[in-house]
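Data first, discussion second: the structure below is written as structure tokens.
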Amino acid sequence: MATIIDGKAFASNLRQFIHAQVAQIKEKHGKIPGLATILVGEDPASQVYVRSKAKQTTEVGMASFKYALDAGTSEKELLKLLADLNANDEIHGILVQLPLPRHINAEKVINAIDPRKDVDGFHVSNVGLLGSGQKAMLPCTPLGCMMMLRDHLGSLRGKNALVVGRSNIVGKPMAQMLLADDCTVTIAHRYTEGLADHVKRADILVVAVGRPEMIPAEWIKPGAAVIDVGINRIERGGQIRLVGDVDFASAKEVAGAITPVPGGVGPMTIACLLFNTLTAFCRTMGLPEPVDMGFSLVEGVGIVQELKRAS
Ligand code: NDP
């Protein structure tokens, strides 16, 4: 029976740590980190995400700056707003909620954010820094996955890691981070042949596809650490339920550890956004970073313990 990795509790610990750090910084330096969120349009799911991000920002004592722009906002207007926020000293992190309306070029917009304020880690400079093993702003979802893996496994060195999915926001950066932690990494996608055989060899399995319960327990290596990023809405027994990309009910009998859906990776994503905002603030202010996430955590030490020590 697998250890169930409780992302909700982990995220709550991480937020407490951030809250304490922000309070200390405020007392010592009279300043607090600020996060700007930009939403263009009225997509209901995006509205929920942005509201939740803003709420958690203020809960940890940071300043939240909300920009809700109407769907007709032009690319030029959005770029102008970003230029203003880049120049604003009270703002240390900028998040543009995706997806953007079709008439706006998302790549152009993301790359217009000052890379030091790019708390989503999507700017091409941060992508390049991560890829070349330099200190980057790390994308929130894979960062949360790494924290949970390190906490559970300690050192990841030498493990066979399989990442299923190769999106720019989850799969690719996840693979880079696992590689930076000395795993032997395989990336699978829709054209991968013999996916079951790849899964069977994986000590660490991260699945970010968006297909309900596509990984059955029979494929999973006994004792593997399984991180299920997928969020899928399905109807079962006349009810709408959220399920992951892994068949959790049977996989937990085989895996060594597994994240549930909901309550696994999801809560960690926003907590890591706050963590990145704190990191961005410290870098801008020339303060010591809360903890060096540039893959130099002491091996075998859980991230939560490490964070507590750093506070
Ligand atoms: P994308 O749709 O951008 O990427 C999905 C990836 O899955 C693609 O690389 C695709 O391959 C691959 N894929 C599709 N079908 C298969 C298959 N049959 N076998 C192997 N690979 C396949 O999704 P995201 O990365 O944005 O998100 C993935 C999931 O994670 C979604 O359910 C999303 O909701 C969830 N998510 C959860 C977050 C959280 O905070 N918990 C945050 C972000 C995402 P190809 O490139 O060849 O098309």
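Each residue takes its place number in the sequence, starting with 1. Both counts, for ligands and for their atoms, begin at 1 and track the order of listing.
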Which residue supplies the protein heavy atom nearest to [atom], what is that atom called, and how far is it?
atom	answer
atom 44 (C) of ligand 1	V170 CG2, 4.0 Å
atom 12 (C) of ligand 1	G165 CA, 4.0 Å
atom 24 (P) of ligand 1	S167 OG, 3.7 Å
atom 34 (O) of ligand 1	I231 O, 3.8 Å
atom 20 (C) of ligand 1	H189 O, 3.2 Å
atom 42 (C) of ligand 1	T141 OG1, 3.3 Å
atom 29 (C) of ligand 1	G210 N, 3.7 Å
atom 40 (O) of ligand 1	T269 OG1, 2.8 Å

[X] [atom1]: over 12 foreign heavy atoms closer than 6.0 Å:
X	atom1	value
Q47	CD	yes
F65	CZ	yes
R116	CZ	no
E107	CD	no
D70	CG	yes

I'd like the name of whichever of [options] reaches closest to [atom] through any heavy atom.
atom	options	answer
atom 35 (C) of ligand 1	T259, I227, V229, V243	V229
atom 23 (O) of ligand 1	N232, V209, V265	V209
atom 22 (C) of ligand 1	R190, R233, R211	R190

Right, does atom 27 (O) of ligand 1 have protein non-hydrogen atoms nearer than 4.0 Å? no

Under 3.5 Å, is there a donor-acceptor pair linking the side chains of [X] and [Y]?
X	Y	answer
S64	T58	no
T279	N276	no
E77	S74	yes

Would you say ligand 1 has an N or O under 3.5 Å from any N or O of R166? yes

Any N or O of V164 that comes nearer than 3.5 Å to an N or O of ligand 1? no

Can a non-hydrogen atom of G171 be found less than 4.0 Å from any atom of ligand 1? no

Could you tell me if any non-hydrogen atom of M268 lies under 4.0 Å from any atom of ligand 1? no

For ligand 1, which atoms sit closer than 4.0 Å to a heavy atom of G266? 40 (O), 41 (N)

Any atoms of ligand 1 less than 4.0 Å from a non-hydrogen atom of I169? List them with their elements. 26 (O)

Co-membership, hydrophobic cluster, residues M146 and I227, 4.5 Å side-chain: yes

Flag yes if L242 and V207 sit in one hydrophobic cluster, no otherwise; membership is Ile, Leu, Val, Met, Phe, Trp, Tyr, and two members link when side-chain heavy atoms are under 4.5 Å apart. no

With a 4.5 Å heavy-atom cut-off, do V265 and C145 have their side chains touching? yes

